[in-house]
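Notes to accompany the following structure.
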Amino acid sequence: MKYANLGEMMTIQAKRWKNKPLVYFNDQVYTYMQVEKIANKAARMLKERGLKKGDRVAIIMENSAHYIISLVTIFKAGAVAIPVNNMLREGEFAYILNDSAAKFLFLSDKYAEFGAYLTENVPSIQDILSWEKINCNSINMTEASAPFSDEPLEYNFGYDDLVFFVYTSGTTGHPKGAMLTHGNMLSDAKSIDNTLQWHPSKKFLLFLPIFHSYTLMTSVFYPIYLGCSIIMFGSVMELKTKNFRKTLIFKRPRVMVGVPQVYQALIKAPMPKWFIKLFYPIELHISGGAAISADTLEAFEKKFGVPILEGYGLSEASPVVSFNTFKEHRANTVGKPMPGIEVKIVDDDENEVPVGEVGELIVKGGNVMKGYYHMPKATDDTIRNGWLFTGDFAKLDEDGYIYIVDRKKDLIISKGINVYPREVEDVIKQVEGVEAVAVIGVPDKDKDEMIVAYVMKNDNADISVQKIKTHLKSNLASFKTPKHIFIVDELPLTATGKVLKRKLKEQIQKGEIKID
């Protein structure tokens, strides 16, 4: 079914599924119709307070049922939702809110301490909103919206109107606001549905942070688009608690959307074979956010008896572009482009390269963003002739499977030769006991680029720099071998497990790590 906008989608799904649980969170259960009615009342209240079509509303909250209700409220009012990375600091919060000119801000008690600072430093904020009584000057949504009608609103917005600003992680400079429309989100959800053909009776397990576009689509909007129930955890840390096993046994989730670190942890988790055979209900495991190693894929399938299906996406594409399926699954790839989405691999002159050759991956489809908010040059650099230039090096095989080689900005040019950090990282990961690796290029005194590797080891693993160098000598060309290797306790990561290589480069630039 084609929906005109996300507000209409929610209203139709609420009528269709009525008392079916939409979200389970802790001891709370909200049905489709309950979320619909709460959001209708709240949207009417905000419109009474001056919220207009296209106004921006930010959310700084941890995972909760009210996060989903806040999102539904915003798009029912015709406003633009800004899910803010809650791992940022107050100055970074203020930058995003000022950049977007946010008019309202949903804040939970956990982040109430930032209320006064943001009110003072973001002039556009009219009101701070909360669903409980919190320790700052805020409007309690439950109380304030109580007098309003819970009937569906009239939607004066449509497919091409904006519904989200998703701020990129800011790996270089300030984050940029990718502008996504109702149509972008609905188009991507439709493409996922045409690929997976999943059933509304299958529950989703949500534990990754909702503010990330990967979680937002795959664990919130796609389930609602289908009419599925969502079992929500406050954070990924709950996978380490008894609550995870109880959830598997009693709530029976069928879909897990994760990142490589989650699956690595599950491989190590003490879960006996009899428990997996009797009580492990998850049928579909999706991995995204960062590359997953062949070793992890193999070990997981051996332990749990089902494969992990890897996909690819980026915020600017709403975000899912390609996906492996049970029927068509090829290791070391991110699958084929989903229905309705085209991809090409091009060289620096934007000419398509032959099958098997490396170039930049570009994407076209209804899921491609409108552009970056008030950044016309960055938009023109990224979207050309309707094609989204992803900044990822990739190649296609003869069957159309996509192999991601590396980030374009991470390419290292050493002695005039291209070195792809991911290739070096994959070789280092072969060393027993290596948990994670990050390879970066650092300018040296000869204006060339020096290759530096950061290696994080497993607990109690016996790894030395010499052991890694010996392995590299036998398995990697000398010009690709890192000049410096540092063994570290941890690596800086984004919310979805990508290593923040910018932070590692800054450590060297600031002299925190010495190299010669």
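What you see is a predicted model, and the numbers here were worked out from it, not measured in a lab. Basis for what follows: all heavy atoms, side chains included, without hydrogens, waters or symmetry-related copies.
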side-chain contact (heavy atoms from CB on, under 4.5 Å) assessment of L309 paired with H329: CA-CA 7 Å; L309 301 180; H329 179 222; 3.8 Å; yes

Grab the two heavy atoms, one from [X] and one from [Y], that are nearest each other, plus how far apart they are.
| X | Y | answer |
| --- | --- | --- |
| Y454 | L491 | CB-CD2, 3.7 Å |
| N184 | S318 | CB-OG, 3.3 Å |
| F93 | L88 | CZ-O, 3.5 Å |
| G441 | I412 | N-CD1, 3.5 Å |
| Y403 | N332 | CD2-O, 3.5 Å |
| L472 | T481 | CD1-CG2, 4.1 Å |

Could you tell me if [Y] and [X] have a donor-acceptor pair between their side chains, going purely by distance under 3.5 Å?
| X | Y | value |
| --- | --- | --- |
| E310 | N324 | no |
| T379 | T382 | no |
| E328 | Y401 | no |
| Y225 | D193 | no |
| D188 | S191 | no |

Interatomic distance, [X] atom [atom1] to [Y] atom [atom2] [nearest 0.5 angstrom]:
| X | Y | atom1 | atom2 | result |
| --- | --- | --- | --- | --- |
| Y95 | N121 | OH | CG | 15.0 Å |
| E92 | H174 | CD | NE2 | 9.5 Å |
| S322 | K336 | OG | NZ | 11.5 Å |
| M338 | T325 | CE | OG1 | 12.0 Å |
| S100 | H374 | OG | NE2 | 8.0 Å |
| Y222 | L216 | OH | CG | 15.5 Å |

Please confirm whether the backbone N or O of [Y] pairs with a side-chain atom of [X], one donor and one acceptor, at under 3.5 Å?
| X | Y | result |
| --- | --- | --- |
| N385 | W387 | no |
| E352 | I345 | no |
| N367 | P319 | no |
| D406 | R422 | yes |
| N243 | E238 | no |
| N418 | L411 | no |
| K303 | L266 | yes |

Give the intermediate values and the outcome of side-chain contact (heavy atoms from CB on, under 4.5 Å) for residues V255 and W198. CA-CA 10 Å; V255 186; W198 208 242; 3.1 Å; yes

Take T215 and V257 through the test side-chain contact (heavy atoms from CB on, under 4.5 Å) and record every step on the way to the result. CA-CA 8 Å; T215 317; V257 179; over 6 Å; no

Report the C-alpha distance between E62 and Y111 in whole Å, list the side-chain angles of each, state the deciding distance to 0.1 Å, and finish with yes or no for side chain to side chain donor-acceptor pair (under 3.5 Å). CA-CA 9 Å; E62 69 279 23; Y111 301 98; 5.1 Å; no

Kindly check if the number of other-residue, nucleotide or ligand heavy atoms within 6.0 Å of [atom1] ([X]) is above 12?
| X | atom1 | result |
| --- | --- | --- |
| D462 | CG | no |
| K501 | NZ | yes |
| K467 | NZ | yes |
| K268 | NZ | yes |
| E432 | CD | no |

What orientation do Y167 and F165 show, parallel under 30°, tilted 30 to 60°, or perpendicular over 60°?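 Perpendicular.
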
Parallel, tilted or perpendicular, as decided by the 30° and 60° cut-offs, for the rings of Y420 and F393: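 Ring orientation, 0 to 90° scale: perpendicular.
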
Does the side chain of [X] reach to within under 4.5 Å of the side chain of [Y], using non-hydrogen atoms?
| X | Y | value |
| --- | --- | --- |
| M217 | M185 | yes |
| F211 | I60 | no |
| Y67 | P83 | yes |
| F244 | F207 | no |
| N351 | V346 | no |
| F479 | V419 | yes |
| I82 | L97 | no |
| N458 | V434 | no |

Please determine whether a side-chain nitrogen of the Lys or Arg among [X] and [Y] lies less than 4.0 Å from a carboxylate oxygen of the Asp or Glu.
| X | Y | result |
| --- | --- | --- |
| K395 | E357 | no |
| K302 | E298 | no |
| D380 | R384 | no |
| E449 | K483 | no |
| D489 | K457 | no |

For this output row, return yes or no: ring centroids of F164 and F221 closer than 6.0 angstrom.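 Yes, they do, as the ring centres are separated by less than 6.0 Å.
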
Just do the salt bridge (charged side-chain N to carboxylate O under 4.0 Å, His left out) check on K429 and E425 with the steps written out, would you? CA-CA 6 Å; K429 284 176 186 173; E425 290 162 0; 5.2 Å; no

T333 and I402: side-chain contact (heavy atoms from CB on, under 4.5 Å), yes or no, with the steps? CA-CA 6 Å; T333 80; I402 303 168; 5.9 Å; no

Using the test ring-ring contact (aromatic ring centres under 6.0 Å, His included), find all partners of Y117 that sit at least two apart in sequence or belong to another chain.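 Once residues adjacent in sequence are excluded, Y117 has no partner under the ring-ring contact (aromatic ring centres under 6.0 Å, His included) criterion.
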
Less than 6.0 angstrom from the centroid, inside 45 degrees of the normal: does R245 satisfy that with respect to the ring of F279?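 No, cation not above the ring by the 6.0 Å, 45° rule.
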
Result block: side-chain N/O donor-acceptor pairs under 3.5 angstrom for residues 281-292, not counting sequence neighbours:
from, atom 1, to, atom 2, distance (Å)
E283, OE1, K202, NZ, 2.8
E283, OE2, R254, NH1, 3.4
H285, NE2, Y280, OH, 2.8

Derivation and outcome, salt bridge (charged side-chain N to carboxylate O under 4.0 Å, His left out), residues R330 and D397: CA-CA 11 Å; R330 192 161 293 183; D397 66 16; 2.8 Å; yes

